[in-house]
Amino acid sequence: MTGATMLAAALLFPMSAQAQGQQAQQGQNSLSNLFSGIFSGPNPAPSQAAPGPGGAQTGAQPWSGEDGASGHPLMTAAAIREAAGNFDNCVAGMWPDAARRNITQENFQRFTAGLSPDLRIMDLMDSQPEFSKSIWDYLDILVNDNRLAKGKEVLARYKAQFDATEKAYGVDRYIIAAIWGIESNYSTQMGDRSVLQSTATLACVGRRQAYFKDEFLSALEILNRGDLRPEQMRGSWAGAFGPTQFMPTAFKRFAVDGDGDGRRDVVDNASDLIASTANNLKKDGWQSGQTWGFEVLVPEGFNYMLADRAKAMTIAQWEKLGLKRATNQPFPHPAEKAYLLAPAGAQGPGFLMLQNFRVIMKYNPAEAYAMAIGHFADRLRGGQPFVQPWPRQERELSRTERLELQQLLVQRGFYKGTPDGQFGGQTRDALRNFQASIGAPADGFASSDVLDRLRGR
């Protein structure tokens with residue numbers, strides 16, 4: 001796993017383990033699967049063991065042998081052992097599907113020879129981190145002077161490639177450079193698990209076999225076509241690889257040959273990497289010449305029930321409600337639609353998020369991640385840090401505390417969902433309604449004070 005992206009993918013609104021693989025990104029790039037380590041406390045990091053025959057890892061940390069935390073029937077220890085015992089038959093049974101994808105039998109046998117299941121992945125797939133970092137800690141780690149310096153060097157070194165990509169795709173070079181930097185610290189931390197072994201394991205063992213079967217077969221297609229070699233396809237436990245962490249299915253949709261050499265090498269070829277990442281963003285709706293969002297000052301007494309991704313308004317309408325840019329500059333396009341994000345509630349800065357922010361979230365569906373990408377891009381462009389302070393006196397609630405908070409909201413009739421310790425829109429709405437009921441700013445921020453009030457303290 002990459003060091004930079006080994007950060008809880010759902011810092012703002014924690015997601016399930018496949019935020020690991022971005023729900024291996026529901027078919028998008030698997031970026032968030034790399035985030036659990038730094039922000040999740042004691043969970044062990046994946047082994048960086050050297051590959052053995054057929055991509056198997058030697059000396060890797062073993063599977064715990066325990067039931068998965070999800071409680072899924074395919075994640076019991078007995079089910080995992082049974083599936084692992086049938087691994088060779090499972091892989092061989094995918095040959096007809098591979099043939100339908102025009103993979104030659106010779107290549108199928110060659111690339112699957114010696115594969116064995118990496119059961120340690122089962123622990124990683126079902127890990128449930130107890131702690132997560134705050135948004136400001138997340139930004140401190142990802143957007144730092146060292147990474148900025150590396151980013152500027154990369155922008156200068158590959159200026160010709162960035163020039164050509166901006167001309168062809170209309171995607172801001174700084175956003176591409178930010179993704180590259182945050183995903184792999186500029187190709188220095190891309191992960192070392194065999195993509196074939198990881199996706200084959202997940203295609204045959206565990207609770208998401210149908211999804212990962214497609215990823216495994218897509219990985220075989222990439223190798224069969226000759227775009228990449230097996231040794232280049234190394235990455236996260238969920239199968240994301242390369243400097244900007246493509247899942248195999250995302251590679252098939254978005255990878256392009258940037259320099260015309262007949263291969264789409266998103267691992268070692270800067271032209272292909274930059275162009276493919278730009279093509280991904282463009283196809284997801286990137287608006288050329290536009291930014292991702294603005295830091296804004298939110299007036300006292302503001303109705304935070306409006307701070308909702310579903311409640312987009314024109315910037316002119318937000319201005320009428322008293323919002324203005326934190327830099328005191330005018331908004332360049334008042335007719336643009338935006339939604340208000342208040343990641344630290346009323347105590348922290350607000351942000352008006354535009355269409356390009358939603359596009360970044362298609363690359364990774366965590367608002368904290370998208371904010372880090374946007375802010376890092378602005379800093380690479382020469383922009384300044386955020387103007388307003390974060391409420392650093394607040395601590396992030398542990399998963400146990402988040403679960404308790406949801407349970408208390410259920411008891412009081414504010415929350416109708418099933419408590420799971422993961423905060424999405426339904427939980428934030430319930431929090432806002434509770435805060436409004438006690439006369440507090442209804443900002444939906446899960447502070448320790450809100451938990452204490454729910455406890456009746």
Side-chain angles (χ1 to χ4, degrees), residues 18 20-30 33 51-57 72-75 79-119 121-122 124-125 191 193-242 245-256 263-267 276 280 283:
Q18 175 53 24
Q20 310 274 0
Q22 203 163 302
Q23 290 262 303
Q25 206 125 355
Q26 296 295 355
Q28 288 285 11
N29 291 0
S30 165
N33 67 310
Q57 305 225 325
H72 192 284
L74 292 179
M75 296 299 292
I80 290 170
R81 288 191 182 96
E82 181 180 357
N86 190 51
F87 179 80
D88 289 345
N89 291 332
C90 174
V91 171
M94 287 189 270
W95 159 242
D97 292 309
R100 282 190 284 272
R101 297 184 183 216
N102 297 316
I103 296 167
T104 68
Q105 187 169 25
E106 178 186 0
N107 278 339
F108 181 83
Q109 292 174 345
R110 172 183 159 205
F111 294 131
T112 61
L115 282 178
S116 61
D118 177 4
L119 296 186
I121 290 174
M122 296 299 105
L124 300 171
M125 186 180 201
R193 271 186 154 80
S194 160
V195 171
L196 276 180
Q197 185 187 23
S198 294
T199 55
T201 298
L202 290 160
C204 294
V205 186
R207 58 184 168 84
R208 300 206 62 211
Q209 295 177 29
Y211 173 85
F212 281 102
K213 179 180 179 181
D214 191 18
E215 295 295 345
F216 174 63
L217 291 169
S218 295
L220 289 175
E221 286 184 86
I222 294 167
L223 295 172
N224 184 75
R225 188 181 183 276
D227 284 307
L228 296 168
R229 301 180 304 276
E231 60 269 24
Q232 290 180 288
M233 295 186 69
R234 308 197 66 79
S236 76
W237 65 258
F241 65 92
Q245 295 288 284
F246 278 97
M247 287 297 285
T249 53
F251 177 99
K252 284 178 57 181
R253 286 194 304 277
F254 302 122
V256 295
R263 296 174 62 231
R264 297 174 296 169
D265 180 357
V266 300
V267 178
S276 297
N280 186 339
K283 288 189 173 179

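Positions are given from 1, in the same order as the sequence printed here. Excluded from the calculations below are hydrogen atoms, water molecules and symmetry mates; all remaining heavy atoms, backbone and side chain alike, are included.
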Colleague: Given Met233 and Leu196, is the side chain to side chain contact (heavy atoms under 4.5 Å, CB included) satisfied, shown in steps?
Modeller: CA-CA 8 Å; Met233 295 186 69; Leu196 276 180; 5.9 Å; no
Colleague: Identify, with sequence neighbours excluded, every residue that meets side chain to side chain contact (heavy atoms under 4.5 Å, CB included) alongside Asp97.
Modeller: Arg100, Lys213, Leu217
Colleague: Specify the closest pair of heavy atoms between Val205 and Ala84, including all atoms of both residues, with the distance to one decimal.
Modeller: CG2-N, 4.1 Å
Colleague: For Ser198 versus Gly239, what's the shortest heavy-atom pair and its separation?
Modeller: CB-N, 4.5 Å
Colleague: If you take all heavy atoms of Ala79 and Pro73, which pair is closest and at what distance?
Modeller: CB-O, 3.4 Å
Colleague: Can you tell me how far OG1 of Thr201 sits from CH2 of Trp237, rounded to the nearest 0.5 angstrom?
Modeller: 11.5 Å
Colleague: Residues two or more places apart in sequence or in another chain: which of them pass ring pair (Phe, Tyr, Trp, His ring centres under 6.0 Å) with Phe87?
Modeller: none
Colleague: For the side chain of Ser194 and the backbone of Arg234, is there at least one donor-acceptor N/O pair under 3.5 Å apart?
Modeller: no
Colleague: Taking all non-hydrogen atoms of both residues, which atom of Met125 and which atom of Arg207 are closest, and how far apart?
Modeller: O-NH2, 3.1 Å
Colleague: How would you list, by chain and number, every residue that makes a salt bridge (Lys or Arg N to Asp or Glu O under 4.0 Å) with Arg225, sequence neighbours excluded?
Modeller: Asp227
Colleague: For the residue pair Phe241 and Phe251, does the interplanar ring angle fall in the parallel (under 30°), tilted (30 to 60°) or perpendicular (over 60°) class?
Modeller: tilted
Colleague: CG/Asn102 to CG/Leu220 distance, rounded to the nearest 0.5 angstrom?
Modeller: 13.0 Å
Colleague: Show your working on side chain to side chain contact (heavy atoms under 4.5 Å, CB included) between Leu124 and Arg193 and close with a plain yes or no.
Modeller: CA-CA 13 Å; Leu124 300 171; Arg193 271 186 154 80; 4.3 Å; yes
Colleague: For the residue pair Pro230 and Leu223, what are the closest heavy atoms and their distance?
Modeller: N-CD2, 3.5 Å
Colleague: How many angstroms lie between OG in Ser116 and CD in Gln197, if you round to the nearest 0.5 Å?
Modeller: 5.0 Å
Colleague: Taking all non-hydrogen atoms of both residues, which atom of Val195 and which atom of Ala219 are closest, and how far apart?
Modeller: CG1-CB, 4.3 Å
Colleague: I'd like to know whether Leu202 forms a side chain to side chain contact (heavy atoms under 4.5 Å, CB included) with Glu215, so could you lay out the CA-CA distance, the side-chain angles of the two residues, the decisive distance to 0.1 Å, and finally the verdict.
Modeller: CA-CA 9 Å; Leu202 290 160; Glu215 295 295 345; over 6 Å; no
Colleague: If the condition is side chain to side chain contact (heavy atoms under 4.5 Å, CB included), which residues does Asp265 pass it with, not counting sequence neighbours?
Modeller: Leu228, Gln232, Arg263, Val267, Asp268, Asn269, Asp272
Colleague: Ignoring hydrogens and angles, tell me if any N or O in the side chain of Asn224 forms a donor-acceptor pair with the backbone of Phe108 under 3.5 Å.
Modeller: no
Colleague: State plainly whether the residues Asp214 and Arg101 are in salt-bridge range, i.e. N to O under 4.0 Å.
Modeller: yes
Colleague: Would you please name every residue forming a side chain to side chain donor-acceptor pair (under 3.5 Å) with Glu231, sequence neighbours left out?
Modeller: Arg229
Colleague: Who are the side chain to side chain donor-acceptor pair (under 3.5 Å) partners of Arg110, not counting sequence neighbours?
Modeller: Asn107
Colleague: I need the Ile222 CD1 to Arg264 CZ distance, nearest 0.5 Å.
Modeller: 7.5 Å
Colleague: Atom CE in Met94, atom CG in Asn89: separation rounded to 0.5 Å?
Modeller: 11.0 Å
Colleague: Got a second to check how far Ile103's CD1 is from Gln109's CD, nearest 0.5 Å?
Modeller: 12.5 Å
Colleague: Using side-chain heavy atoms (C-beta onward) and a distance below 4.5 Å, is Phe212 in contact with Met247?
Modeller: yes
